[in-house]
Amino acid sequence: VTSFYGAAHRTEATLEVRQLLEGLAPGEGDLLEALHRVQHRYGYVPKAAIPAIAQHLRLPESRVYGAVTFYSEFRETPPPETLISWCSGPACYIKGGAEIRDALEQLLGCGIGQNTPDNRLGLHLGQCNGTCDNAPQVWVDGKVVGPLTPSKTVALIRELKERA
Amino acid sequence: VTGYAELQAQAEPARRRLQALDRPRIAVSIDTSSIAVGAQDTLQALRDAVISRGSDVTVDQVGGNGLSFANPVVEVARTDGSRVLFQRLRAEDAAEFVESVITRNEMSNRWLLGALEGATGVQSMDDYPWWSIQQRRLMAEMGLIDPENVDDALALGAYSGLERALSMTQEEVIAEVTKSRLRGRSGSDFPTGRKWDFLRASPTQPKAVVCNADEGDPGAWINRMTMENDPHALIEGMLICGVACGAERGYIYIREEYPLAFERLRKAVSQAYEHGLLGENILGRGFDFEMKVVRGAGSYVCGEESGLIASIEDARGMPKIRPPFPAASGVFGQGSNVNNVETYHSVAWLLRNGPQRYLEFDTGRNAGTMLFTVSGQVERVGCFELPLGTRTGELYDVCGGGAPMGRTFKAMQPGGPLAGIVPGWCLDLPLEPEEYKAKGLGSMGGGGMVFLDDTSCIVDLCAQFEWFLEDESCGRCTTCHGGTQRMVEILRRIQKGGGRESDIGKLRLLAATLRYSNCAHGQAAPAVIVNAMDWFSDELEEHIYDRRCRARVCKGLVRYEADRAAATRPENADILAHAAEYCLNAATGKSQGACLDCAVCHELLPEVVRVVDAFPPGIGPAPELISVQPAHE
């Protein structure tokens, strides 16, 4: 992951962001695509990328930053090494999803939207994508794990901690 | 420039591969639902097994057919025209499976689901009520074609509806849509023909066709089915709308939670461009249409059409006050028509087959079929296509298989948290929006039906749904973001045993206030809690006045109690040690702390550790104005 912080990197990084935005144009509805590309490259949307995006799409920086904070999939901080998304959908919830969430938060010592202090594991609020036959489920780096129970959650986190 | 006849000629090899095989074909359903249970590994393992045996067999990827419970689903088609479905085929079983169906020609193995066509001596799919009850029209090609290959779609008649529309006038196309009485399938129920006529008659130029593919309602994956498994049907439907309304631009706004649908749609769009189905002079008929696929970034409120338009326009997805309606001023100020995926898909079917066939299913008020996803506490999770007017109970009992053994049906959540929650009598309602509205619901929703049994608690569900709606509120109006917050606080307090006599009155007041929100999100946010107060008042009052949760779900109202005698029985010793190892108290190193209610011991030893009421009978509600710590978020 390239760091944007530190003046030495800044010009180079801005150039790189401009390259990522190639083919995107102002007034075409490309802001979300621009943010997706930046996040895909860095794992999050670094603050220093915002002026470059704003310039390229001829938008105020506030509008770009507003979008970053409005949409829940854009991160302002680096992601953890392993991201666990807890599914908040009803099919998972009625099959014990709340207990899975409690167990995850207790075991990792962090809430949804946060990472462990060592940045190895983090929790994310997942939205239902209709794989409800696995309920209650989580996604570990995008891969469905389910159906879970409280004890299986404990076992999963133990395994992930050992693997990390 | 390529005409439709040339495209059909090009698709000839695909037609042979699908309909006149020269050697057996094994096809694995690949979509988000099947990938979740390892279908990609199954596909790879089958390819390896076929290669290592040197069998003369094609192994292909196809789309999913909606039967989530049977995934990974595999179809074996033979040169004699027979087609047989197999279920739950794991990668580790691939070699044995190929040995059975190809080498030994044995279909009746442990993975057999049923025969779609022609196989004798094998269970037929039509023998399954959950298959024969379906009228698979929109889903006819799902599970048959490779959604990443436009020739597959063309071979089965894709874009013939567009070809027809291009030979008609705008008024004639709209007249067909109006005649079919198709209405918006997102839950809005607005007559599609009338909506299109607004845009056709609108003086604005240029015009745009927008597809709302931000299927945010949790528990619904109907639009994902079309986008992942038959994406050209959506493109065709939007093109027909473009022809009918005189629009030359299309936008598909798809939620970020559907990465495979996004990839497949993007691929479909680029193939459509390559085949002269998008771009300039489409099918050589002088019609121009550009299409763009926009990927969202995780926002439920972008499913509201003005929020969606704002999101496409490089902004936060905050809904606007209407009018102006999209037909007058939509995406980038262009007159726009917004429909959801299933509506456009229905249009494609209807133009391919004509309104007479569409009206074969007609209740007088509603015509055609609709896709429903069934999830929650049911035996079979999946997506099923039924004629409108079918009894809701048939969707639940026949398709879903009813409640799991030993449990009883309690409630259904139709189409997302904004649609509300309905008790047992909903099973008698025909699946028609009017029937649901007559009972006091805002709508029937978009077809994502979640069924609950008696192990679910209504108060807990209300708290979860209101929390979801609070979290997803755009934040523009205080009624919505503040109102949902207050509701969550009250519900969470009730769940913790702090329910007060004044709470129901407060919830009613909040519900009445929320109706003044700017958009549908806030206006419909109190739906579940209003339904709970009207139809589940016993259960809600029990939570407040007796501080008791009958489903034993609300953590503040139950505690875990060990049966000492049972705990000392030798046969329980192993599991007990196992439970101790997984107890969250021990796992988090807080072994001296209070019980964390993790329920591990109850899960592993339900006979030894029971869930009992935390409060004695006759306790009464909590006193007013006692401060109870709000739940940690």
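Lettering follows sequence order; numbering is per chain, from 1.
- For A:Asn129, the parts lying near chain B are the backbone and the side chain together; criterion is any non-hydrogen pair under 4.5 Å.
- Ionic pairing of B:Asp453 and A:Lys95 is not present here: no N-O contact between side-chain nitrogen and carboxylate oxygen is shorter than 4.0 angstrom.
- Rounding to the nearest 0.5 Å places CG of B:Asp314 at 5.0 Å from CG of A:Leu59.
- Of the two parts of A:Ala34, neither the backbone nor the side chain holds a non-hydrogen atom closer than 4.5 Å to a non-hydrogen atom of chain B.
- Considering every non-hydrogen atom in both A:Tyr71 and B:Ser299, the closest pair reads CD2-CB, 3.8 Å.
- Counting heavy atoms from C-beta on, the side chains of B:Trp221 and A:Cys132 come closer than 4.5 Å.
- Inter-residue side-chain proximity for B:Arg295 and A:Leu32 is flagged as unmet; no heavy-atom pair is nearer than 4.5 Å.
- Minimum interatomic distance between B:Ser33 and A:Thr131 (heavy atoms only, all atoms of both residues): CA-CG2, 3.8 Å.
- To the nearest 0.5 angstrom, B:Tyr300 atom OH is 11.0 Å from A:Cys128 atom SG.
- Contact tally against chain B (heavy-atom pairs below 4.5 Å) for A:Val68, A:Asn134, A:Thr149: the top residue is A:Thr149.
- The candidate with the highest count of non-hydrogen atom pairs below 4.5 Å against chain A, out of B:Leu461, B:Leu604, B:Asp460, B:Thr455, is B:Asp460.
- Here A:Asp133 is the residue among A:Asp102, A:Val145, A:Val144, A:Asp133 with the most heavy-atom pairs under 4.5 Å with chain B.
- You'll find the side chain of B:Asp471 reaches within 4.5 Å of the side chain of A:Leu125, heavy atoms only.
- Side-chain contact between B:Ile312 and A:Glu28 is absent, with no heavy atoms from C-beta onward closer than 4.5 Å.
- Judged by distance alone, the side chain of B:Glu313 and the main-chain N or O of A:Gly29 form no donor-acceptor pair under 3.5 Å.
- Looking at heavy atoms from C-beta onward, B:Phe262 lies out of side-chain contact with A:His36 at the 4.5 angstrom threshold.
- For A:Glu99, the part sitting under 4.5 Å from any heavy atom of chain B is the side chain, from C-beta outward, and nothing else.
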Requested in this report: List the steps and the verdict of side-chain contact (heavy atoms from CB on, under 4.5 Å) for B:Leu596 and A:Gln106.
Outcome: CA-CA 9 Å; B:Leu596 294 173; A:Gln106 296 278 359; 3.9 Å; yes
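- The nearest pair of heavy atoms linking B:Arg224 to A:Gly130 is NH2-O, 2.9 Å.
- Between B:Glu256 and A:Gln127, the closest side-chain pair of non-hydrogen atoms is not below 4.5 Å.
- Taking A:Pro26, A:Gly89, A:Gly146, A:Ala91 one by one and counting their heavy-atom pairs under 4.5 Å with chain B, the maximum is reached by A:Ala91.
- For B:Arg380, no part sits under 4.5 Å from any heavy atom of chain A, backbone or side chain.
- Here the OG atom belonging to A:Ser85 is positioned 9.5 Å from the CD atom belonging to B:Glu257, to the nearest 0.5 angstrom.
- Using a 4.5 Å cut-off between heavy atoms, A:Leu35 does not touch chain B at all.
- The main-chain N or O of A:Lys152 is never found under 3.5 Å from a side-chain atom of B:Glu603 such that the two would form a donor-acceptor pair.
- If you measure heavy-atom distances from B:Val374 to chain A, you find no contacts under 4.5 Å at all.
- The contact between B:Ser68 and chain A is made by backbone and side chain atoms together, counting heavy-atom distances below 4.5 Å.
- Heavy atoms of B:Cys474 lying under 4.5 Å from chain A belong to its backbone as well as its side chain.
- Rounded to the nearest 0.5 angstrom, B:Phe465 CZ and A:Ser88 OG are separated by 10.0 Å.
- Proximity to chain B involves both the backbone and the side chain of A:Ala103, based on heavy atoms less than 4.5 angstrom apart.
- Ranked by heavy-atom pairs shorter than 4.5 Å toward chain A, the options B:Ser311, B:Ala220, B:Ala599, B:Gly216 are led by B:Ser311.
- For A:Gln137, no part lies under 4.5 angstrom from a heavy atom of chain B.
- For B:Glu472, the part lying under 4.5 angstrom from a heavy atom of chain A is the side chain only.
- Put simply, CD1 on A:Ile94 and CD on B:Gln464 are 11.0 Å apart, with the number rounded to the nearest 0.5 Å.
- The side-chain heavy atoms of A:Tyr93 and B:Pro218, taken from C-beta on, include no pair separated by under 4.5 Å.
- Residue A:Ser151 comes nearest to B:Tyr582 through the heavy atom pair O-CD2, 3.4 Å, listed as atom of the first residue, atom of the second, then distance.
- Ranking A:Pro150, A:Ala155, A:Ala98 against chain B, the residue ahead of the rest is A:Pro150, based on heavy-atom pairs under 4.5 Å.
- Two residues are said to be in side-chain contact when any heavy atoms from C-beta on lie closer than 4.5 Å; B:Met318 and A:Phe70 meet this criterion.
- Summarising the geometry of B:Gly298 relative to A:Ser72, their closest heavy-atom pair is O-OG, 2.9 Å, with the distance given to 0.1 Å.
- Heavy atoms of other residues, nucleotides or ligands lying less than 6.0 angstrom from CZ of A:Arg37 number more than 12.
- To the nearest 0.5 Å, atoms CD1 (B:Ile35) and NZ (A:Lys143) are separated by 11.0 Å.
- If you measure heavy-atom distances from A:Leu107 to chain B, the contacts under 4.5 Å come from both the backbone and the side chain.
- In this structure, the portion of B:Val301 lying under 4.5 Å from any heavy atom of chain A is its side chain and not its backbone.
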